[in-house]
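First listed ligand is number 1; within each ligand, the first listed atom is number 1. The basis for the numbers below is simple: all heavy atoms, side chains too, and nothing from hydrogens, waters or symmetry mates.
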Amino acid sequence: MLLRLDGRGPRYAQITRALTAAIHDGTLTPGARLLSTRDLAADLGCARNVVLLAYEQLLLEGYLTSRAGGGTFVSPGIAVERGTGTAGAASETPRLSRSGDRIDAAARLARQILSPRTDLPIDFMYGLCEPDERTIVALRSAFAVALRARAFAYSGPAGDEGLRRALAGRLRGARGIARTADRLVMTSGAQQALDICARLLINPGDRVVVEDPCYACAVAAFEAAGANVIRLPVDRHGLDISRLPPGRGSVRIVYVTPSHQFPTGAVLPASRRYALLEFARRRGAYIIEDDYDGEFRYSGRPIEALAALDPEGPVIYCGTLAKALFPAVRLGFLSLPGELVTPVAHAKYLSDFGSSLLVQKTIARLMTSGEYDRHIRRMMRRYRARRDALIEALRSHFGDEAEVDGSGAGLHVVVWLPRLGRARVDALIGACARRQVGVYSVAPHSVALPARAGLLLGYGLVEPDLILTGIARLAEAYREVMRGRLTTRRDKPRSRPSSLGAVHG
Ligand SMILES: Cc1ncc(COP(=O)(O)O)c(C=O)c1O
């Protein structure tokens, strides 16, 4: 046997590679006897020890075996690429399971829908935010405390008890949810929380009702689990409860964003909340209440959660620290009806044994030391200033040609441009990109939106002066696209519709 060495790296490694290649390509067949280390060393012109090292490595990895009577052989059971065992046999490509196919397709679509960040100098990407320097300092010292406490173990699937206690207290105070810490399970962001609920609660074909428009990644999690997703339109007051599917039949989940509808910002009024609870109780459905940006409400009192109306009822409350702190913290949580606590903790256990204990202890420390509250108050001022700058800029550049929704809370608004038409949104996005401004369409989150064009503008990461520049450029781009539209359509410019221009919470 002639071993061809590739000349890369130490000699013993070259011999190891050459032997495994010979086994894989069938030159050395299973059961074949190898040259003695002395003979191979002589063939290769190297020390016997070098060959010994290579043989020992391959014995360890199971490519070779040695026999009591002496001699080294290719392992009889070794799988080869083109060996005698498989020669001529038809090969089968391994495939995903049906559920694997669904997961892959749903995630692929969601990733396309949530357009990647443009990285343009002014970027109104939704979902991004950063803490200020003071919070970073507070995080550093809270992390140091967690390190000193040697928080290096697994946290347990439900999560760190101190953090759950702190969160349960906050949920009781700010959201009125009278559930204790043992009803909470920490997750890796709200997305994992939604995914776990979908995996635990949905049989393929089950009906899941969502709002339209709706957060595309929530829909993706439900579809990945095989749900038949039914989209019901939202109006000024959120989900239109009167359109919930009548009659018998399984509605497994109703997924809502009642405090700040995503993305329109509507607040679900009390009458609809009670009607929704009644529907869920009657039909044996769970309600998932996604309170994704609940910490930031700029006027009035915080809104009581749906889960607060019936703590023993069927509401799964889903929260996240991705907006209150920053997305990279990857911490979310579920406040659960009693019967779901253990199954959810088990699903979390199988998924990753539990979220990072170090990170959880750090955030718990931030909360118990009062730093978290100070952070929220500072961020509230910061985001309010950005929101005000955004609304003022939209008002001064667009007048009544733009209608702004969702500005009462959170870190984004929806800007409707009724005269533009949905088909022109991509042209507007392109014209903005040429001006170094990233803006995003609301359309991917919906199937049933009216023909009007809408932009989803996040302002969590954009400073007020850049907001002003960005909106001035957006207005310029809008005029350019509208001119093009009027020219191509040979339309006469029309006066502005007078009913527009409202700003809604
Ligand atoms: C409505 C809504 N739900 C859930 C999530 C997921 O949040 P997380 O980053 O905590 O996974 C987001 C993220 O932006 C969201 O907007």
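Classification of the His260-His412 ring pair by plane angle, with boundaries at 30° and 60°, yields tilted.
With 3.5 Å as the limit, one finds a donor-acceptor pair spanning the side chains of Asp212 and Ser446.
Remark: side-chain polar atoms of Glu289 are not paired, donor with acceptor, to backbone N or O of Cys318 under 3.5 angstrom. With hydrogens and angles disregarded, a donor-acceptor distance shorter than 3.5 Å links the side chain of Arg272 to the backbone of Gly238.
Counting heavy atoms under 4.0 Å from ligand 1, residue Gln192 does not touch it at all.
Of all protein heavy atoms, the one closest to atom 5 (C) of ligand 1 is Tyr215 CE2, 3.5 Å. For atom 10 (O) of ligand 1, the nearest protein heavy atom (residue, atom name, distance) is Thr320 OG1, 2.5 Å. Ranking the protein heavy atoms by distance from atom 3 (N) of ligand 1 puts Asp290 OD2, 2.6 Å first. The single protein non-hydrogen atom nearest to atom 14 (O) of ligand 1 is Lys323 NZ, 2.7 Å, given as residue, atom name and distance. Shortest contact from atom 16 (O) of ligand 1 to any protein heavy atom: Tyr126 OH, 2.5 Å.
Of all atoms in ligand 1, listed by their number and element, those nearer than 4.0 Å to a heavy atom of Gly189 are 10 (O), 11 (O).
Taking the six-membered ring where the residue is Trp, the centroids of Phe124 and Tyr440 are separated by 6.0 Å or more. The six-membered or imidazole ring of Phe262 lies near that of Tyr126, with a centre-to-centre distance under 6.0 Å.
Of the candidates Gln261, His412, Arg330, Arg330 brings a heavy atom nearest to atom 9 (O) of ligand 1.
Using 4.0 Å as the threshold, Ala190 has a heavy atom nearer than that to some atom of ligand 1.
Contact of the Leu268 side chain with the Gln261 side chain is not registered, since no non-hydrogen atoms from C-beta on lie closer than 4.5 Å.
Between Tyr292 and ligand 1, not a single N/O pair is under 3.5 Å apart.
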